[in-house]
Amino acid sequence: MNTISIRGVIKNYPNFTLGPIDLTVQRGELFGILGPPSSGKTSILKLILGLVRPDHGRVLVGGVDTDKIEVAERQISMVFQNLALFPHMSGRQNITFPLTERGLSKVEIATRLGAVSDVLHVGHVLHKNPAQMSGGERQRIALGRALAPDSRAILLDEPIAALDARLREEMRVELKRLQRMNNQTFVYVSHDEEEVMAIADRVAVVIAGRVVQVGTPDEVYQRPNSLAVAREVGSPPMNLFRGRFTANGSHFECGNMTMAIAEAIDVPAGEEGTLGIRPEDIHQAHDHATQRFQVSVSSIEPLGGYTIVNALLGEQLIKIRVTGQLESPHDYGGSVAFDARRIHLFDSEGDRLGI
Amino acid sequence: MTSVQINNVTKRFGDFTAVRDLTLDIPQGQFIALLGPSGCGKTTTMNMIAGLENPSEGSISFNGSDLSGMRLQDRNIGFVFQNYAIFTHLTVYKNLSYGLEVRRLARSEIDRKVRAMAGRMGISHRLGEAASRLSVNEMQKLAIGRSAIVEPRVFLLDEPLSNLDASFRAYMRAELKVLQREFGQTMIYVTHDQIEAMSLADKIAIIDQGRLMQYGAPLDVYNDPHSRFVANFVGSPRINLLDGRLEGESGRLKLLLDGGAEIALSAGAAAEFSRVGFAQAVTLGIRPQHIYLGDRRSPEDIGMRGRVEEIERVGPTRLAYLQVGQTRFLSVDSHDRLSTGEEITFYLRADKSLAFDLATGDRLGGRLH
């Protein structure tokens, strides 16, 4: 019923073109959109909501062309980054307004209000006007107003960005629980890649107006289909080495470093490309490891549960993620090995090579 | 080389007290982070060091000599702000040379210093270009170089990385650390981001509502927080903080969590709570990576049974939310083997359990107390 489908949509802006975009969000799915600032994430939400009309292509909600449905009847609500609460209404009135408009019974309104205010921890500010609330409280009331009507689909644009770190972590679990419980469709946008990856069933990576990859968070993290996605997803980011493939695609050379490739790939010898390895897939090498690289540690970042080691491999600064605590840069050293099963290879166009 | 002493400093703005009786000793050449939520008083503290504000009470000294009355321009302080404060209409060269020209250095001397600094910052090839043409990353490097070139006694950085995107930020952190070692200057870094503070600083001063909550090396603060506030503020994924009541039963302590779960405390864990009498309101703190599955590793560890409520991927780690009654524990699924809905047994490490007084937020046990 409430599948959202975007087909061949192009929207031209003065300095920017969005699309062509093809994307399907399944009913009951928590679908995340991530990407760098100004890549077109919010524009996609506006297209779904009907605030913006595509120059080409179609947007379908529940199989019906959105052109043929009035905005008010689409039953899509949206939580904006800069929230628009009614300043003269209390928190309670803000949340129940859309319910009253729809003529729901008092009992039903009370039930829904109770459910969302529990999840969002706003019971204590329901009687206040927005001006008397903190930024975080206003944000949560706005969320409550979007969630209470049980719309077919809810579009969320940076819904929890204004909250402090702990509340943000708590809220993302609660939001997911609420979404699942009500079997709602969520389209969730944030610049915080970690937040989107944590909350979403599937994600779309949007770069420069195009959907570059769609998949589960695990797929996108473990098999980025392009250099652009590899750069965008993961913090600290993937270590990238530019170089070239040797004869029959069995090795990759970068400076003085030569890496054997576990499963030879089909590229012309001498083809330029990029080898990527995530910080957590670099390990201190055992003496018998066949492919070891000498590193010199320049600094460590002790983050408590793990440590980031900054080291030079040849001329290049690399980041290594070590589980647990290191006290000093001298605690890590010598040589490292790359986990051969977790190497990412990209061709000169930036497309992923091999599996 | 300059050390900085903040001596019993209080700063009031009308009825509002921004900084309360703050004492902080910053050794020369150290990298110190002032860490706290927005509005905690960290920027006010920095402004007083700079001379932009005067303390209402107390004093600030450099190398032991009182600064009161010394003008901003005479303190010789380098600033780097969130918004780069560079002259975008001037060339990169002019941006770097400006501070030296103000000081009337010889032209040849200026040229030598500008080229050396540009080399250090990796922007030599852009000296002739307008600063506006630099990338965000290069602009921030220029902003740092511009301040560093006049060799300030103390370097103040106010959220200098917050405009950069996540991957640049990770690189700039490493870069800043190298720069600080090269410059050897005392650096004071203001941030609300605990990851930045942990990764950069030799010591972190954690500030809440104008008060110094703890001052120590990153891992000391992480491993041995003196208060619930510090435990909560430092560390990602966040620490589990579970409120409840402590009760004694035939010589054994147990913790009744507000959510209904009951935890029998082994001797090892009970020691952390030893400072309180019975039936007191307490908070148990346990970091996610100190919750484990599989076989019990120590007889002291606390066994629990619960349901996997939710699994999240956060970068390389999978986080599992474990539900026991109304209480939810956040843990790290280190072997990627849990699935939602599963009933499992898990253990809290007794030696890593932290206890706090619920009323005051103070740590009850602790090694450093």
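Residue numbers start from 1 in every chain, and the chains themselves are labelled A, B, ... in the order their sequence lines are given, proteins ahead of strands. Quick note: numbers below take in every heavy atom, side chains included, and nothing from hydrogens, waters or symmetry partners.
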Which bit of B:L319 is near chain A, if near means a heavy-atom gap under 4.5 Å: side chain, backbone, both or neither? side chain
Test: A:R177 and B:E310 ion pair at under 4.0 Å: no
Contact leader toward chain A among B:R287, B:R238, B:H290, where contacts are heavy-atom pairs under 4.5 Å: B:R238
Identify, with sequence neighbours excluded, every residue that meets ring-ring contact (aromatic ring centres under 6.0 Å, His included) alongside A:F346. none
Please output the residues of residues 184-198 of chain A in contact with chain B, using a heavy-atom cutoff of under 4.5 Å, in numerical order. A:E194, A:M197, A:A198
Partners passing ring-ring contact (aromatic ring centres under 6.0 Å, His included) against A:Y221 (at least two apart in sequence or in another chain): none
Is it the backbone or the side chain of A:I318 that comes under 4.5 Å from a heavy atom of chain B, or both, or neither? neither
Flag the pair B:E309 and A:K176 as a salt bridge only when some basic side-chain nitrogen lies within less than 4.0 angstrom of an acidic carboxylate oxygen. no
Do B:M198 and A:T307 have side chains that approach each other closer than 4.5 Å (heavy atoms only, starting at C-beta)? no
Is B:R173 close to chain A through its backbone or its side chain, or both, or neither, when contacts mean heavy atoms under 4.5 Å? both
Bottom line for B:R313: the part with an atom under 4.5 Å from chain A's heavy atoms is both
If the condition is ring-ring contact (aromatic ring centres under 6.0 Å, His included), which residues does B:F233 pass it with, not counting sequence neighbours? B:F229
Evaluate the side-chain proximity of B:K177 to A:S298: yes if any heavy-atom separation is below 4.5 Å, no if none is. no
Beyond-backbone contact of B:P316 with A:R321, side-chain heavy atoms, under 4.5 angstrom: yes
Quick one: do A:R172 and B:E312 make a salt bridge, cutoff under 4.0 Å? yes
Need one label for B:L219: side chain, backbone, both or neither, based on atoms under 4.5 Å from any heavy atom in chain A. side chain
